[in-house]
Chemist: 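Below you will find the structure I want to go over with you.
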Amino acid sequence: MRCPCGCGRRLEVMLLPGVTPRWDLQVDPDGRPTLHPSIWVQDGCKAHFFLRSGMVEWC
């Protein structure tokens, strides 16, 4: 996914079992994704946000 801050950075979110760090993905009946835990970019733009029901919630 692209970083929602607008920096254009491609973020990789690991969903496979047994990898670290790992996120859980849920998709609601309308196809909107939720990721848990939050995504925190440690360098560059340092964006920190949740993706809930397809919407970005900034921390």
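The structure presented is a predicted model; accordingly, all values stated were derived computationally and were not measured.
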Chemist: Do Phe49 and Cys5 come close enough that some side-chain heavy atom pair is under 4.5 Å?
Modeler: no
Chemist: Quick one: does any side-chain atom of Asp28 pair with a main-chain N or O of Asp30 as donor and acceptor, under 3.5 Å?
Modeler: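 Here the side-chain-to-backbone pair exists.
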Chemist: Do Trp58 and Met55 share a hydrophobic cluster, counting only Ile, Leu, Val, Met, Phe, Trp and Tyr and linking them when any side-chain heavy atoms are less than 4.5 Å apart?
Modeler: no
Chemist: Supply the atom-to-atom distance Arg52 CZ to His36 NE2, rounded to the nearest 0.5 angstrom.
Modeler: 8.5 Å
Chemist: Same cluster or not: are Val13 and Phe50 linked, directly or through other Ile, Leu, Val, Met, Phe, Trp or Tyr residues, by side-chain heavy atoms under 4.5 angstrom apart?
Modeler: no
Chemist: If you compare all heavy atoms of Cys3 against all heavy atoms of Cys7, which two are closest, and at what distance to 0.1 Å?
Modeler: CB-SG, 3.7 Å
Chemist: When you look at NE2 of His48, are more than 12 heavy atoms from neighbouring residues, nucleotides or ligands closer to it than 6.0 Å?
Modeler: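 Counting other residues, nucleotides and ligands, NE2 of His48 exceeds 12 neighbours.
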Chemist: Within the distance-only criterion (no hydrogens, no angle test), does the side chain of Arg2 pair as donor or acceptor with the backbone N or O of Gly8 below 3.5 angstrom?
Modeler: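 A pair under 3.5 Å: yes.
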Chemist: Rounded to the nearest 0.5 Å, how far apart are OG1 of Thr34 and CG of Leu25?
Modeler: 8.0 Å
Chemist: For the CZ atom of Arg9 and the CE atom of Met1, what is their distance to the nearest 0.5 Å?
Modeler: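 Interatomic distance, Arg9 CZ to Met1 CE, rounded to 0.5 Å: 12.5 Å.
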Chemist: Do Leu51 and Val27 belong together in a cluster built from hydrophobic side chains that touch within less than 4.5 Å?
Modeler: yes
Chemist: Rounded to the nearest 0.5 Å, what separation is found between the CD atom of Gln26 and the CG atom of Leu35?
Modeler: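 The distance works out to 9.5 Å.
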Chemist: Is there a path of hydrophobic side-chain contacts, each under 4.5 Å between heavy atoms, that joins Met14 and Trp40?
Modeler: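 Different clusters.
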Chemist: Can you find a heavy atom in the side chain of Pro37 that is under 4.5 Å from one in the side chain of Trp23?
Modeler: yes
